[in-house]
Colleague: 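The structure's right below; bear with me while I get my questions together.
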Amino acid sequence: MAKPEPRQALQDLRIVDLSRWVAGEYATKMFADFGADVVKVEKPETGSLTRSWGPFPDDVPNVERSALFLHLNTNKKSLVLDLSSDAGRDVLLNLVDTADAVVESFRPGQLEKLGLGPDVLQARNPSLVITRISAFGQTGPYRDREASGLVLQAAGGPMNATGAADRAPLRKPGLLEHYTIGRTAGEATMAGIFSAKRTGQGSVIDVSGQEVLLAGADRRASYLVSAAYSGMNAPRGVRSPHRHGVTFTGPFRAKDGFVMLYVTNQAFWNRLVDIVGEHDSEFHARYHGRETIMGTDRDEFMDYVSKWFAQRPKVAIMEQCEAARIPVTAYLNVSELLSHDHFRSRGAFVRGSHPVAGTLEYTGAPWRMANGYRLRHTAPTLDQHGPEIRELLAQAQSPAQTGERS
C-alpha cells in the first residue's frame with residue numbers, strides 16, 4: 001500500500017476564485033499550489049479571459065490549450081456558473097458557506113449589481129475574507145475606470161522611472177504589473193485569513209492596482225519620498241553623478257548573446273581590469289587603480305572592453321568574472337533556463353500531463369519549504385469539476401450534513 005502524501009501547508013483552506021484576469025488568478029494560484037482547495041468560477045461557454053490569451057500550440061486558439069491559463073490555474077478546480085441567474089447565485093452562496101476567502105476582480109460595484117456584494121456574502125459566512133482587485137480601488141474619482149497594464153504602469157509611476165530622459169517613457173514588458181498586483185493580493189488575502197482565524201471576523205480587502213505599483217520598492221518609491229521631502233520631482237532616466245570611485249554597468253554583447261556587468265566600486269573595477277588586461281600590460285597599467293574615468297579615456301576603455309566581451313561566449317565570461325568575484329551574469333533564453341543544471345537540480349520545473357494540452361513542463365515553487373508546493377494536477381478543463389462540486393454542495397444542504405464542510 002502506497003504511503004499517503006504528507007499534508008500540504010495550506011491544505012485546510014478553501015478559496016473561491018471569481019477573478020477575471022492574471023492578477024486574481026496568480027493570487028489564487030499560490031494558494032492552490034500549496035495545498036488549498038481553490039474553486040475557479042468561470043463564465044459559461046468561454047470561461048476565464050485567460051483561456052483566450054495565447055500562445056497556443058500551432059497558433060490555433062483553444063480554451064483548453066492557452067499557455068497562460070495552464071500556467072495560472074494549476075491545482076485548481078473549474079466550476080461554470082452564470083452569476084446573473086438565480087441558480088448560479090445559489091450555487092455560489094452555498095460554496096461561500098464553506099470558504100475561507102473569495103478573490104474577485106470585477107469592475108467595482110458589479111458584484112453588488114448581481115446581488116453578491118460583501119454584505120450578502122458575509123451574511124452567509126461572517127468569517128469570510130473578500131479580496132477585491134480593481135484598477136484604481138473601490139472608492140475615489142477613478143473608481144469606475146478600467147485600465148490595461150499599460151495604463152496602470154503609466155498611472156502607477158513605473159514608466160516615469162524607466163527609459164532615457166530625452167525619450168518617451170518605456171513600459172516594462174509582458175504582464176509584470178499583473179503578477180505584481182496578484183502577489184500583493186495573495187499576501188493581503190493570507191493576512192485576512194490569519195486575522196479571521198484569530199478573531200472569527202472576516203474582512204473586505206480593497207486592492208488597487210495603481211496603488212500596488214505606486215508602493216513598489218524600486219525607484220518610484222524613493223521618488224515619492226524625495227518629492228514629499230523637498231517638493232521636487234526627480235528627473236526621469238538621470239542618475240546621480242558618482243563623485244567617488246568608478247562605475248561600469250550595463251549589458252554587453254558576447255560572442256553568443258549578452259552579459260550584464262555590474263561594477264560599482266573600486267574593488268570590482270580593479271578585478272575587471274585584471275581580467276580584461278591579463279595579457280595587455282599597457283591597458284592594465286593605464287586603467288588599474290583609476291578612481292575616475294571620463295572623456296576619451298572612458299570611450300577607449302568602453303571600446304576595448306566591449307571587444308573583449310564580443311570575442312567570448314557569455315557563460316564563459318560569467319564564470320570567469322564570478323571566479324574573480326565580479327557581479328556579472330549571462331542573459332539566458334527560455335531554452336537555456338529549461339535545461340540549466342542549477343534549476344534542474346533544484347526542481348524548478350515540474351512535468352504534468354493535461355488531458356487536452358498534453359504533457360508539458362511547468363514552473364514549480366517560487367520558494368522552498370517542507371510540505372509546500374506540489375503539482376497535484378494540471379489546470380482544469382472548463383467546468384471539469386462542476387458536477388462533483390454541485391453534488392457535494394447539494395449533500396451539504398441535507399439536514400444530516402448541515403454545517404459540515406464538504
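FYI, side chains are in, hydrogens and waters are out, and symmetry mates aren't considered; it's all heavy atoms of this structure.
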Colleague: Ring centres of F301 and W269 under 6.0 Å apart?
Modeller: yes
Colleague: Using a 3.5 Å distance criterion without hydrogens, assess whether the side chain of R368 forms a donor-acceptor pair with backbone atoms of R346.
Modeller: yes
Colleague: Does the side chain of S127 come under 3.5 Å of the side chain of N125 through a donor N or O and an acceptor N or O?
Modeller: yes
Colleague: I need the M190 CE to F31 CZ distance, nearest 0.5 Å.
Modeller: 4.0 Å
Colleague: With a 4.5 Å heavy-atom cut-off, do T381 and S78 have their side chains touching?
Modeller: no
Colleague: Please report whether the ring centroid of W367 lies less than 6.0 Å from that of F34.
Modeller: yes
Colleague: Going by distance alone, is a donor N or O of one side chain under 3.5 Å from an acceptor N or O of the other, for Q8 and R376?
Modeller: yes
Colleague: Can you confirm whether I130 sits close enough to Q122 that some side-chain heavy atom of one is under 4.5 Å from a side-chain heavy atom of the other?
Modeller: yes
Colleague: For S353 and T378, work out which heavy atoms get closest and say how close.
Modeller: O-OG1, 3.3 Å
Colleague: Hey, can you tell me if H284 and H288 have their rings parallel, tilted or perpendicular (30° and 60° cut-offs)?
Modeller: parallel
Colleague: Under a 4.0 Å threshold between the charged nitrogen and the carboxylate oxygen, would R124 count as salt-bridged to D97?
Modeller: yes
Colleague: Measure the acute angle between the ring planes of W53 and W21, then classify it against the limits of 30° and 60° as parallel, tilted or perpendicular.
Modeller: perpendicular
Colleague: Among E104, E42, E25, E146, which residue meets the salt bridge (charged side-chain N to carboxylate O under 4.0 Å, His left out) test with R20?
Modeller: E146
Colleague: Given the ring of F69, does R51 sit roughly above its face, with NZ or CZ under 6.0 Å from the centre of the six-membered ring and within 45° of the axis?
Modeller: yes
Colleague: Would you please classify the geometry between the H377 ring and the H385 ring as parallel, tilted or perpendicular, with 30° and 60° separating the classes?
Modeller: tilted
Colleague: Rounded to the nearest 0.5 Å, what's the gap from OH on Y373 to CG on N371? Could you check?
Modeller: 15.0 Å
Colleague: Any ion pair linking D274 and R271 (charged N to carboxylate O, less than 4.0 Å)?
Modeller: no
